[in-house]
Amino acid sequence: MQSILNWLDNRTGFRRAVHSVFYQRVPGGAKWRYIWGTVLLFAVVVQFITGLFLWMHYSPSTQTAWESVNYIEHEMAGGSLLRGIHHYMSSAVMVLIALHLMQVVIYGAYRAPREVTYWIGLAMMLVLFGLGQTGYLLPWDQRGFQASQVATNIVGVTPGVGDDMKSIAVGGSEFGHHTLTRFFALHAGVLPGILLVLVVLHAAVGRRHGYTPDEEAADQPDAPYWPDQALRDGVACLAVMGTVLAITMLQPAHLGPPSDATVEFNTARPEWYFRFLFQLLKYFQGASGMFIASQLIPGLIMLVMVLMPFIGKWNLGRRFNTLFVLAVMAGIVVLSAISFHEDMNGETEKSKHYLADLRLAKAEAARAVELASMGVPVAGAREQTRQDPMIAGRRLFKVYCANCHSHHDPSPDDKIADKYDALRNVHLEEPTAPNLYGFGSREWMEGMLDPKQIAGPNYFGHTIFAEGDMVDWVNYSIGDELADLPDDEKKAFQMKVKAAAWAISSLAELPYQREMDEQDSAQIEQGMELVLEEFSCIDCHTLGDDEGGAGPDLTGYGSEEWLTEFIRNPQTERFYYNEDNYDEVDRLMPGFVTHPDDPDLNTLTEEELSLIVRWMRRDWPVAEEEAASEESTPPTTEATEEPEADTSDESTEAADDAEDASEEADPEESEPEATEKSTESEPAPEASTSEETATSEPEASPEEPEASEPDADDQP
Amino acid sequence: MSEVTTNTTDNKTVAEPRRSFGSKVLAALVGIGALLVPTAAGFAVLLDPVLKKRKQGGDGGSDDGNWIRVASLNQIPPDGVPRQFAVIDPKPIDKWNRYEPQSERPVLLSRDSEDETPMAISVTCPHLGCIVTYDAKDDTILCPCHNAVFDAEGKRLSPDCVSPRDLDHLEVRVDEQTGDVLVNYKRFKGGIAAQEAI
């Protein structure tokens, strides 16, 4: 063994090289203040290691970048950990650069004879900034994509050659395949290669002069690097590694929704270490301002830094240098703090919008991950989100419907929102039409038949129907009727109204109510009798074969077909066009697909129409895993399959009410036992139903119509 | 590397204090430990194909098998001649991608008489995975890569055939009502004498 090593040493001189590293002189003995360079090197080495493994699984193209990163993050063994370390260690690198640089300047380590070491260090800093910037784009998510557009636009304002430089960086005029391949080659090839050369030079030149001695410890004896200083360095590296690991575990690395340049995205921000630049840009207007903020000021700062070895020769030069670096750091901290405060304070309008958009981006990201778990089509995750009723349906609703309609949960209590909450809501501050949240659902129909609500802001309050026949009828036939009843009959009457509301709601065949509709089929059937007879809804409304009057058709009210036709054109005899409002047509909802023969004239395409309808009906595919996790919840009354907890609460409440009512007033109106059982029934059949939901075609499945009118007597 | 100007010989101190043995061990452990974390995470991802078994190229069907319809019974003349039929994988998957139904490797189907269930032979040579073809002239099945020769039923024709086993047969099922011929589509490990599904 020894002879082999001797042989090798004879030819390579490796012993001397190893010796020069391990036994270099540490002036004044081992010290904690000497650790920073080594720790920074360690962080960079970690990036090389993790980057190499990420490289093996990353695929740089517009249809595979986000998809492959998502696959690493969510499917591969240890993938989230690997990516998390790489992501957060880049932040650690920036922090360590700042610390190392401040130390160098404060101790005057840039002075002769170490100027070249210092300049190489500055060059490394720029390369590391470049690595941070190029790496930010690679996941190809909305945030990285939009933030990188800003970065390349900054390049574009370079006087004279800006446009060309930008085209070179982007690989064309627009972001695309070559932007990714170029950024990736820079990030994984060119810049690390340059960095490697610089690291070697920095270490070699640096070793020639050794550590900058601690001036206060000049009288202490020197010591070799190994083992005491090495131990201190090692402990510091381990501490950094531990911190990064802990953060990774607590908060896996961010992956936003897949990039889509065509949709509004207001939460594009650079990584935190470039926040100061982002904030600085706000203070300078116009193209020249952008040049000043993004190139001139940083350029001048860099120039001063490069000149520091010379400035340091003057009497007050070193003090100036120190103050300068501290001032720059303080400026960066202050600008970053202002920027974060502006976004996150939650009080200003801007901040509120930002936070809301952030929640939406999070929900979209979670949804995109769920969609990807079902398999990404070859067209990519962006196309997948564009065809998803949950994401695209909401976007379309926001653009085409939310000029008049809000679509937000009206219940005043702040429920614990699930991860998709933001995707189910579009909040319009000043609507001029009903709030369509849960349109056609039981809650929605109950509100419609509630004298306190029907003329309110969530229903007809903002429309011409506020003084219409329906409001009159509800006020008279329900409101006045209820007021006139003796107290002990009030509850029974309320139950009847509720049953009628549920019956109408069942016509919508909403996917998220399918379970409940099947369970409560007896009540729904009784409700339907009330609709047809006692409440005489069909005096005005058509319902199936029962021709009514001027009111909108209730046949399949809220169903996919009904809603599609309604949005196509509500100004028809079937819906809201009748003799009462001939002269108020301009206050009626316009049709969106009114030219069946000439699709170009329509506001919405058939696909868009379908996406909006499916979004309103929450008719979207659910991944098996998601469905399974919902199924695994215990079969209590509170935890039915429905996305909204309060829906099932309602049904429990209603069941209780039904029990009360039947005891007190009308035993035939409801069947407490059946209801009780049904709300507690085992969740086994729900699995198949939720899968049906996932795969069901727009057309309603054949067994559905039967579900709304089952024979109660046949039920066990 | 630059020339080294400093080493232990011009230190002001003794080279290494004896009591530093503990520090050395500790320093080595701490340093290795710190580098072990990213390396371990990297290798976990590298070893993902071993750590997490996934079906590649299709979801592998149900427990019942991966039954795929490949032909109608009347498309297979009862003459004992193997004919090639396309196999369409209904749900091809590659990592994150889900594809539209697309072709898998075809199968050879043959039957000797009208009332016999057809025989399905995998076209993948058990030697190194090339695609075999039927040669009508000699009534044999040939692998063009290394000249393995099989008879029309997939049996090796000579004892020194390079293939370690006969061609693989696949399970066949005929739907009596529709006349559909279904094959329990599988792939097998190559290069070994035993037939082992992948």
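Every chain is numbered from 1 and lettered A, B, ... according to where its sequence line falls, protein lines coming before strand lines. Quantities reported herein were computed from a predicted structural model and do not represent experimental measurements.
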Would you mind checking which part of A:Met89 comes under 4.5 Å of any heavy atom in chain B, side chain (CB onward), backbone (N, CA, C, O), both or neither?
-> neither
Closest approach of A:Glu75 and B:Asp48, non-hydrogen atoms and distance?
-> O-OD1, 4.1 Å
Whether over 12 other heavy atoms sit under 6.0 Å from B:Trp96 CH2 = yes
Chain B interface, residue from A:Pro377, A:Gly79, A:Cys237 that has the most non-hydrogen pairs under 4.5 Å = A:Pro377
Taking every non-hydrogen atom, the tightest pair across B:Asn97 and A:Val376 = ND2-O, 2.9 Å
Closest approach of B:Ala41 to A:Ile85 (non-hydrogen atoms, all atoms of both residues) = CB-CD1, 4.1 Å
Report the option among B:Pro38, B:Gly31, B:Ala40 that has the most heavy-atom pairs separated by less than 4.5 Å from atoms of chain A.
-> B:Pro38
What part of A:Val45 gets closer than 4.5 Å to chain B, counting heavy atoms only: side chain, backbone, both or neither?
-> side chain
Those residues that, when tested against B:Ala44, pass side-chain contact (heavy atoms from CB on, under 4.5 Å) (two or more places apart) | none
Region of A:Tyr225 that comes under 4.5 Å of a non-hydrogen atom in chain B | neither
Counting heavy atoms not belonging to B:Phe43, are there more than 12 under 6.0 Å from its CZ?
-> no
Scanning both residues in full, the closest heavy-atom pair of B:Ala27 with A:Ala230 reads CB-C, 4.2 Å
Side chain, backbone, both or neither: which part of A:Gln229 has an atom under 4.5 Å from a heavy atom of chain B?
-> neither
So, the part of A:Leu238 with a heavy atom under 4.5 Å from chain B: the answer is both
Structural part of A:Ser68 lying under 4.5 Å from a heavy atom of chain B | both
State, to 0.1 Å, how close A:Val378 and B:Tyr99 come at their nearest heavy-atom pair, and which atoms those are.
-> CG2-CD2, 3.2 Å
Examine whether an atom of A:Thr248 lies under 4.5 Å from a heavy atom of chain B, and if so say whether it belongs to the side chain, the backbone or both; otherwise answer neither.
-> neither
Non-hydrogen atoms of chain A under 4.5 Å away: do they reach the side chain of B:Leu51, the backbone, both or neither?
-> side chain
Which atom pair, heavy atoms only, marks the closest approach of B:Arg98 to A:Gly375?
-> NH2-O, 2.9 Å
